[in-house]
Amino acid sequence: MKNLKKTKLLILGSGPAGYTAAIYAARANLHPIIVTGNHIGGQLTKTFNIENWPGNFPNITGKKLMDQLYNHALYFNTSIINDTIIKIINFDKSPFIVEGNLFRYICNSIIIATGSYPKFLGLDSEKKFIGKGVSSCAVCDGFFYRDKVVAIIGGGNSAIEEALYLGEIASKVHLIHRKNNFTAEKILLKKLKILIKNNKIVLHTPYIVKEILGNNIGVTGIKIYSLSNKNVKILPLYGIFILIGTIPNSVLFKEILKLDKNGYIITNRDKLNNSCFTETNIPGIFAAGDVMDNTYRQAITSSATGCMAALDAQKFLNKNY
Ligand code: FAD
């Protein structure tokens with residue numbers, strides 16, 4: 001059997017939600033353990049400049065910001081273990097038991113902060129330019145394309161919302177969607193029509209992306225293919241935003257915790273009495289960050305729910321232990 005690690009509070013994930021939860025929990029003397037997962041620092045380490053983290057940290061990269069959060073958690077004596085949880089042994093009631101590649105963990109309370117990952121198209125040329133013109137977050141990276149031509153791929157709410165957002169920043173937005181109809185809400189489509197009329201957004205439907213073109217500096221264009229008349233177009237541009245959905249890292253919990261239809265962990269966040277906002281359907285198990293948030297998915301909102309989860313866990317532990 002694997003060696004056992006015991007703690008009052010186990011935090012799964014080392015993104016903004018996990019580190020923030022650890023900082024709060026450690027300062028409350030809960031001696032938390034973070035299990036980092038394979039991706040130490042989480043999604044933010046994939047991006048270069050972070051300009052929307054409050055406090056004005058000029059030119060800070062995602063990696064540097066997450067290193068600072070890591071050091072902050074360490075400073076308050078959080079125990080940080082490079083392991084990934086692969087099995088749930090007991091989630092019936094506290095004490096909970098989970099197993100990682102290296103250790104077995106027994107704990108009175110858990111915060112799940114395992115994040116999410118964006119869906120990509122799966123093209124080789126796309127992989128090559130991630131972070132060099134290919135992005136999955138217009139709110140995060142759109143600013144770098146002020147007065148430039150960009151493309152958005154997708155037809156759901158996120159794609160249309162971000163097309164509207166970029167329509168205000170970029171000189172032109174090519175909206176590329178594989179179907180003729182959009183699944184986004186009517187109100188968004190109404191706004192979209194106005195920007196199309198004003199030539200800020202150009203529609204390409206039903207088109208799929210064949211290749212992303214670029215050089216050693218970054219993206220220079222996109223090759224798209226019509227599913228109706230087999231026409232091929234090459235559009236010169238500098239940024240491509242792929243918004244075809246995100247996948248929460250919740251597979252491990254799907255038989256045990258309540259998830260919504262997209263796989264996001266459901267917490268008590270909709271409760272009006274506003275107590276234990278982050279608690280799942282199992283008392284003592286909390287969720288924070290992108291894994292429970294299908295709406296905002298930002299570093300700062302993940303940190304915010306990480307903080308809430310630590311405070312909720314503290315309340316649970318004080319009451320029960
Ligand atoms: P994540 O950052 O996704 O971290 C999840 C953590 O869980 C990882 O450490 C992973 O290793 C761990 N994990 C997963 N499974 C397990 C397991 N089984 N056991 C243990 N650990 C596990 N937001 C902004 O606010 N500003 C930006 O500029 C910005 N830019 C972005 C650019 C890109 C390219 C992307 C993809 C996202 C960007 N975001 C940005 C969004 C932001 O990164 C996320 O909202 C945020 O990182 C979510 O934080 P999180 O802590 O919930 O999860």
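Note that ligands are numbered from 1 as they come in the structure, with each ligand's atoms numbered from 1 the same way.
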Taking [atom] as the reference point, the nearest protein heavy atom with its distance:
atom	value
atom 25 (O) of ligand 1	Ala299 N, 2.8 Å
atom 43 (O) of ligand 1	Leu44 CD1, 3.2 Å
atom 19 (N) of ligand 1	Ile85 N, 3.1 Å
atom 14 (C) of ligand 1	Thr114 O, 3.5 Å
atom 47 (O) of ligand 1	Pro16 CD, 3.6 Å
atom 9 (O) of ligand 1	His39 O, 2.7 Å

Seminar exercise, completed: Looking only at non-hydrogen atoms, the one of Gln43, Met292, Glu51, Arg297 nearest atom 45 (O) of ligand 1 is Arg297
Exercise. Can you tell which part of Ser302 has a heavy atom less than 4.0 Å from ligand 1: side chain, backbone, both or neither?
Worked result: side chain
Exercise. At under 4.0 Å between heavy atoms, which part of Asn52 makes contact with ligand 1: side chain, backbone, both or neither?
Worked result: side chain
Seminar exercise, completed: Exactly one candidate in Leu213, Val173, Val150, Val219 meets side-chain contact (heavy atoms from CB on, under 4.5 Å) with Leu237; the answer is Val219
For this session: Tell me whether the guanidinium CZ or amine NZ of Lys127 lies under 6.0 angstrom from the six-membered ring centre of Phe120 and within 45° of its axis.
Result: no
Exercise. Just checking, Lys5 and Phe103: is the charged tip under 6.0 Å from the six-membered ring centre and within 45° of the axis?
Worked result: yes
Exercise. Do the side chain of Glu126 and the main chain of Leu121 share a donor and acceptor less than 3.5 angstrom apart?
Worked result: yes
Exercise. Ignoring hydrogens and geometry, is there a side-chain-to-backbone donor-acceptor pair from Asn157 to Glu185 under 3.5 Å?
Worked result: yes
Problem set entry | Cationic N near anionic O, under 4.0 Å, Asp124 to Lys128 | no
For this session: Grab the two heavy atoms, one from Trp53 and one from Ser303, that are nearest each other, plus how far apart they are.
Result: CH2-OG, 3.4 Å
